[in-house]
Amino acid sequence: FRAFDLRAKDAFGRIDPSTLVASIAGTKLDGGQVSYNLASVLSSQLIDGGEEAHFKGAIGQLEEGDYTVTAQVKDLKGN
């Protein structure tokens, strides 16, 4: 399994964990394309009253290849 541990911090607001959009996409060595929605497998924990959020989880084994992880989360005001 591949474990993921993402953190977000907002010194001026509180993070809304329900807005997390996270994915991993890439190309396997055989040329096949891979894309996973990480947000669906990550659990969240708010720290310091929501100023920081910790997201963690795991997906199945990835075949060898080139992958990119992207993540975005907003605060309670939508920023």
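The salt bridge (charged side-chain N to carboxylate O under 4.0 Å, His left out) contacts involving residues 20-33 comprise Lys28-Glu63, where partners must be two or more places apart or lie in separate chains. Screening residues 31-44 for side-chain hydrogen bond (donor to acceptor under 3.5 Å, both in side chains) gives Thr27-Gln33 as the qualifying pairs, with residues at least two apart or on separate chains. Note on residues 13-25: pairs passing side-chain hydrogen bond (donor to acceptor under 3.5 Å, both in side chains), not counting sequence neighbours, are Asp16-Ser18, Ser23-Thr70.
What you find for Gly57 and Leu42 is that their closest heavy atoms are N-CD2, 3.3 Å. When every heavy atom of Leu46 is checked against every heavy atom of Ile15, the shortest pair comes out as CD2-O, 3.9 Å.
Note: the hydrophobic cluster containing Ile47 does not contain Leu20 (ILVMFWY, side chain heavy atoms under 4.5 Å, direct or indirect links). Linking Ile, Leu, Val, Met, Phe, Trp and Tyr whenever their side-chain heavy atoms come within less than 4.5 Å leaves Val69 and Val21 in two separate clusters.
Counting heavy-atom neighbours within 6.0 Å of Gln61 CD, excluding the residue itself, gives a total above 12.
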Q: List the steps, then state whether side chain to side chain contact (heavy atoms under 4.5 Å, CB included) holds for Ile24 with Thr68.
A: CA-CA 6 Å; Ile24 183 169; Thr68 301; over 6 Å; no
Contacts table for residues 72-79: side-chain donor-acceptor under 3.5 angstrom, sequence neighbours left out:
{"unit_1": "Asp75", "atom_1": "OD1", "unit_2": "Lys77", "atom_2": "N", "d": "3.0"}
{"unit_1": "Asp75", "atom_1": "OD1", "unit_2": "Gly78", "atom_2": "N", "d": "3.0"}
{"unit_1": "Asp75", "atom_1": "OD1", "unit_2": "Asn79", "atom_2": "N", "d": "2.9"}
{"unit_1": "Asp75", "atom_1": "OD2", "unit_2": "Asn79", "atom_2": "ND2", "d": "3.4"}

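With sequence neighbours left out, the side-chain contact (heavy atoms from CB on, under 4.5 Å) criterion links Asp66 to no other residue. Applying the side-chain contact (heavy atoms from CB on, under 4.5 Å) criterion to Lys9, with sequence neighbours excluded, gives Glu51, Glu52.
Interatomic distance, Arg2 CZ to Leu62 CG, rounded to the nearest 0.5 Å: 6.0 Å.
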